[in-house]
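Here's the structure, in structure tokens; my notes come after.
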Amino acid sequence: MFIVLKSNPDPARLASLKDWLASKDIEIHTSEGATTTVLGLVGDTSIIDIDLIAALDIVEDVKRIQEPFKNANRKFHPDDTVIKVGNTQIGGGNLTIMAGPCSVESEEQLVTIAKAVKASGATMLRGGAFKPRSSPYAFQGLGEEGLRLLSLAKKETGLPVVSEMMEASQLPLFDDVDVIQVGARNMQNFNLLSVLGNQDKPVMIKRGLSSTYEEWLMSAEYVMASGNKQVILCERGIRTFETYTRNTLDLGAVPVLKKLSHLPVIIDPSHASGKWDLVPSGALAAVAAGTDGLLIEVHNDPEKALCDGPQSLKMDTFDELAHKLLALHGFMQELEGGKK
């Protein structure tokens, strides 16, 4: 259930309402937007009389929410969530470009790529230290050494770092990681999600291979219900009958999620296509669809990459794409401004 308050509600009456709700063991989440304040009620709201609350002079409207996700629901939080990471932000009309290698391989490789993507316009560095692979014989990442190299590249460039955590026991190792990524295979690892909800770093949740929007949002709900409201949703393609591409990029996720939720939505065109020459089209289409950011794999020598070389852009190709992405985003912002 959520309660929409009238403008400038009487403080005493509002306090009285909150005290009464609390006495019913109802948890209250207050969201103050530019023009509207919403009280989101979590708990057994079946005992609450809607007509009684609607009759209060400080209340504009009262509605019950049917969706199982409450914290992630736009009805609770009408304004878009904006997540600040270092000197950049995710959401709020900004286009955040996260770029870097699929896997950290060496200091020279990582620092070279980090400096290049920053010069091209990326504002965050992505890189895998722990790599979940389908084959037990494939390169699994450098582990702790990879995290150390990410910290070094962060100091060299000033770029905030996003990297994937595979299990809850690894949390102490991620002190210098700015955004913790939950991979597609871990999207419904509820123990991991709950642990990440009890720490204060932003969490980026990739969509599971065959997950619905509601299942994906419920994964975000696990993190948020544990106290961490800084959640980012990342579409990385889903499994369909098509085999030409690695996955099928679902750009419909952008408008749907922005309708259902207030959380930022990021697109990963690299994992979606699996082919470097298809990445630019997917990335540009995502910007046109209104994404808040992109997660793009870049490598200084893709042919010799230890992980996902075929879907990684060379640095000069990324540079050309980044300029197009930023120009298109600027045009889309002007277009949206003109409509208003």
- Is it true that the NZ or CZ of K275 lies under 6.0 Å from the centre of Y244's six-membered ring and within 45 degrees of the ring axis?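 Judged by the rule, K275 and Y244 form a cation-pi pair.
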Hey, could you give me the [atom1]/[atom2] distance between [X] and [Y], rounded to the nearest 0.5 Å?
| X | Y | atom1 | atom2 | answer |
| --- | --- | --- | --- | --- |
| S163 | M204 | OG | CE | 9.5 Å |
| T81 | I90 | OG1 | CD1 | 11.5 Å |
| D51 | L56 | CG | CG | 11.0 Å |
| I53 | I58 | CD1 | CD1 | 10.0 Å |
| I296 | I266 | CD1 | CD1 | 10.5 Å |
| S16 | L14 | OG | CG | 9.5 Å |

With clusters defined by side-chain heavy atoms of hydrophobic residues (ILVMFWY) lying less than 4.5 Å apart, directly or transitively, does I97 cluster with V265?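 Linked within one cluster.
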- Task: Determine, using the 4.5 Å side-chain heavy-atom cutoff (strictly less than), whether L110 and L295 are members of one ILVMFWY cluster.
- Result: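 Hydrophobic grouping puts L110 apart from L295.
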Trace of the side-chain hydrogen bond (donor to acceptor under 3.5 Å, both in side chains) decision for E27 with H29
CA-CA 7 Å; E27 185 179 349; H29 297 271; 3.1 Å; yes
By ring-ring contact (aromatic ring centres under 6.0 Å, His included), which residues pair with F331, not counting sequence neighbours?
->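 Partners of F331 by the ring-ring contact (aromatic ring centres under 6.0 Å, His included) criterion come out as none, since no residue qualifies.
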Any ion pair linking [Y] and [X] (charged N to carboxylate O, less than 4.0 Å)?
| X | Y | result |
| --- | --- | --- |
| E105 | K304 | no |
| D176 | R148 | no |
| D80 | R74 | yes |

Q: Check L328, D292, L326 against V287 for a side-chain contact (heavy atoms from CB on, under 4.5 Å) and give me the one that passes.
A: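 The single option meeting the side-chain contact (heavy atoms from CB on, under 4.5 Å) with V287 is L328.
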Does any part of the side chain of [Y], heavy atoms only, come nearer than 4.5 Å to the side chain of [X], both counted from C-beta?
| X | Y | answer |
| --- | --- | --- |
| I113 | V111 | no |
| M124 | T88 | yes |
| W20 | I48 | yes |
| R13 | K18 | no |

Does atom [atom1] of [X] have more than 12 heavy-atom neighbours, drawn from other residues, nucleotides or ligands, at distances under 6.0 Å?
| X | atom1 | result |
| --- | --- | --- |
| Q199 | CD | yes |
| K201 | NZ | yes |
| E32 | CD | no |
| D57 | CG | yes |
| D19 | CG | yes |
| K6 | NZ | yes |
| E108 | CD | no |

*H262 vs H77 aromatic rings, parallel, tilted or perpendicular, using cut-offs 30° and 60°?*
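The rings of H262 and H77 lie parallel, inter-plane angle below 30°.
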request  = Would you sort out whether E214 and T212 count as a side-chain hydrogen bond (donor to acceptor under 3.5 Å, both in side chains), showing the intermediate values?
outcome  = CA-CA 5 Å; E214 184 172 297; T212 65; over 6 Å; no
Partners of N247 by side-chain contact (heavy atoms from CB on, under 4.5 Å), sequence neighbours excluded?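 Residues passing side-chain contact (heavy atoms from CB on, under 4.5 Å) with N247: L209, R236.
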